[in-house]
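Each remark here refers to the structure printed beneath this line.
Read the numbers this way: they start at 1 and go in the same order the structure lists the ligands and their atoms. Quick caveat: nothing in here was measured; it's all calculated off a predicted structure. Hydrogens, waters and symmetry mates are skipped; everything else that's a heavy atom, side chains included, is used.
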Amino acid sequence: MHEVLELAQRVFRERYGTSPAVYGVAPGRVEVLGNHTDYNGGFVMSAAIDRVTVVAVEPSRSAQCRVFATQKDAEAIFTLDNIQPTPHDRWADYVKGVVVELQKAGVPVEPFDAVVTGNVPIGAGVSSSASLEVATAMALLELHHASLPQWEVARLCRRAENEFVGMPCGILDQFSSVFGEQDSILFLDTRTEQHEAMPLPRGSFGLILIHSMAQHTLVSGDYATRHRECMEATAWFRDRLGPHVQLLRDVSWEEFQRLEAEIPEPLRRRARHVISENQRVLTGRDALHRGDVTQLGEMMYASHESSRVNYENSTPELDLLVHLAREHGALGARLTGAGWGGATINLVREEEMEDFARRVAEEYTRQTGIQPGVYRCHIAPGARSIREQGG
Ligand code: GLA
């Protein structure tokens, strides 16, 4: 963490000749249960991890904003009165989208310079994009001596992604990055926004992220397709069950089973996934409350199976990783995040973690020729901002 802040400061000095006054720091997240339930008004379980994006900012001396991203080695330059998306520099759109939303929320954003850096793996399904949005919001709020309630920060960052970036994501990633709590798994009801932090039984279990290093399709296109299919399935159920069906959350498992034979494919499988996944999240939450980590793990395996068969957002590599996880004794494993590539999240007994990670990685490489990325996830607190003394 300190290294990331130091890097941000050093790069800032080199590029812009001053020290940044303020830093926004926001973690990536892992999705523990609740795959594609969030934009359906459903339930999720997640955790913020000890990988962060840092946005260092300082007022600009000109009318322009300059944003340099170390991981992309690229700079975006824009003025605040005409913020446009940059098709070939998508990372910058997350920053710009947040600026637009802060302006709409009444924050009088002044021109600024920024350096973006961090250690959230990109494309691994741990939401480097939401951590960039949230870190930008935290930094700019602090820079302008403004503050917003945590929920407003999360919602505003989601709107930036929905409206400016054009990705119809739910609130899971932004929520997790804002509300993360050390050593706790978060539960969220995305409909009511009721949430809680549940401590993972101490010292006994841990989470390992294994990045398959294989991306199959353009995730944003597939994501939008699934989003559309879910809305079509919702409309189908609304016609039959009544206007209270606003999202798939409003269809019970019993109602689904009663009508299942009539709903056309692929809507049947999409709805089956979302509605059953909501049940798995509730079962997983109750299991964790009881300290029943075995049942939580079973829900994770079942979640992956439903993503694979019903939501069709897995890949052969992710399936192989989950299969190997089971063979090597993980309590649970599943794809995490949007899918169509990226990573699995594995729930493993503390004393087995090292062996597990090594053996699964070796076997994966043997079968695919691909070296996976393995990260031990320490569950970390959510976003914050830091102001330099005198800054
Ligand atoms: C991505 C989105 C989230 C959520 C997950 C799937 O991470 O950004 O809102 O939909 O996929 O659960």
Side-chain angles (χ1 to χ4, degrees), residues 26-49 51 53 90 93-94 97-98 120-134 154-180 185-191 193 195 209 211 215-231 247-249 270 273-278 280-281 284 299-300 303-304 306-308 310-315 318 334-345:
R29 63 97 191 93
V30 288
E31 176 195 286
V32 178
L33 268 182
N35 195 228
H36 289 263
T37 49
D38 61 351
Y39 53 84
N40 289 297
F43 308 110
V44 288
M45 275 166 79
S46 64
I49 57 175
R51 300 283 181 138
T53 296
R90 224 162 160 218
D93 287 351
Y94 298 108
V98 169
V120 185
I122 293 173
V126 289
S127 205
S128 55
S129 48
S131 69
L132 172 54
E133 292 155 11
V134 174
R155 287 195 210 106
L156 175 155
C157 290
R158 178 192 176 189
R159 284 199 299 273
E161 189 148 346
N162 289 167
E163 284 162 34
F164 196 85
V165 180
M167 167 88 167
C169 65
I171 194 79
L172 162 68
D173 307 343
Q174 295 80 6
F175 160 80
S176 311
S177 186
V178 170
F179 285 91
I185 292 189
L186 307 171
F187 167 83
L188 170 67
D189 177 340
T190 62
R191 159 68 55 75
E193 296 186 345
H195 59 102
L209 184 84
H211 186 356
Q215 207 74 39
H216 278 245
T217 43
L218 194 60
V219 174
S220 56
D222 288 319
Y223 192 96
T225 303
R226 288 294 177 278
H227 183 273
R228 200 190 57 240
E229 289 167 347
C230 286
M231 298 310 134
L247 290 167
L248 284 177
R249 156 71 179 274
R270 308 303 183 242
H273 169 74
V274 172
I275 298 167
S276 63
E277 184 77 351
N278 277 332
R280 284 185 285 275
V281 182
M299 290 301 113
M300 292 172 71
S303 166
H304 182 82
S306 179
S307 296
R308 183 179 78 80
N310 296 315
Y311 221 65
E312 296 181 290
N313 60 332
S314 188
T315 62
L318 292 171
R334 60 187 288 279
L335 68 83
T336 185
W340 297 285
T344 60
I345 186 72

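If you number the atoms of ligand 1 from 1 as listed, the ones under 4.0 Å from a heavy atom of A338 come out as 1 (C), 7 (O), 11 (O). Which parts of ligand 1 touch H36 is read off a 4.0 Å heavy-atom cut-off, strictly below it: atoms 6 (C), 12 (O). Counting the atoms of ligand 1 from 1 in the order shown, those under 4.0 Å from a heavy atom of Y223 are 1 (C), 2 (C), 3 (C), 4 (C), 9 (O), 10 (O), 11 (O). Interface atoms of ligand 1 facing G34, defined by a heavy-atom separation under 4.0 Å, are 12 (O). Less than 4.0 angstrom separates some heavy atom of G170 from each of these atoms of ligand 1: 9 (O). Short contacts between ligand 1 and Y39, defined as distances under 4.0 Å to a heavy atom of the residue, involve ligand atoms 10 (O). Residue contact check: D38 has heavy atoms under 4.0 Å from atoms 3 (C), 4 (C), 9 (O), 10 (O) of ligand 1. Contact atoms of ligand 1 toward N35: 6 (C), 12 (O) (distance under 4.0 Å to a heavy atom of the residue).
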F43/T37 under side chain to side chain contact (heavy atoms under 4.5 Å, CB included): CA gap, chis, key distance, verdict
CA-CA 6 Å; F43 308 110; T37 49; 5.6 Å; no
For M231 and L247, what are the C-alpha separation, side-chain angles and deciding distance, and is it a side chain to side chain contact (heavy atoms under 4.5 Å, CB included)?
CA-CA 7 Å; M231 298 310 134; L247 290 167; 4.2 Å; yes
Stepwise salt bridge (Lys or Arg N to Asp or Glu O under 4.0 Å) check, E229 with R226:
CA-CA 5 Å; E229 289 167 347; R226 288 294 177 278; 3.2 Å; yes
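The closest donor-acceptor contact from the side chain of N313 to the backbone of A338 lies under 3.5 Å.
Distances shorter than 4.0 angstrom do not occur between any heavy atom of R226 and any atom of ligand 1. Ligand 1 lies out of reach of S127, whose nearest heavy atom is not under 4.0 Å from it.
Between the side chains of R280 and S303, not a single donor N or O lies within less than 3.5 Å of an accepting N or O. Side-chain N/O atoms of T190 and R249 include no donor and acceptor closer than 3.5 Å. In the model, N278 has no side-chain atom that pairs as donor or acceptor with a side-chain atom of N40 under 3.5 Å.
Between Y39 and H227, the two ring planes are tilted [angle within 30° to 60°]. Taking the six-membered ring where tryptophan is involved, the planes of Y311 and H36 are tilted, since the angle between them lies from 30° to 60°.
With a 4.0 Å heavy-atom cut-off, ligand 1 is reached by the side chain of D173 but not by its N, CA, C or O. Residue contacts with ligand 1, taken as heavy atom pairs separated by less than 4.0 Å, involve R29 solely via side-chain atoms from C-beta onward.
Checked against a 3.5 angstrom limit, the closest N/O atoms of T37 and ligand 1 fall outside it. Considering backbone and side-chain N/O atoms, E31 comes within less than 3.5 Å of an N/O atom of ligand 1.
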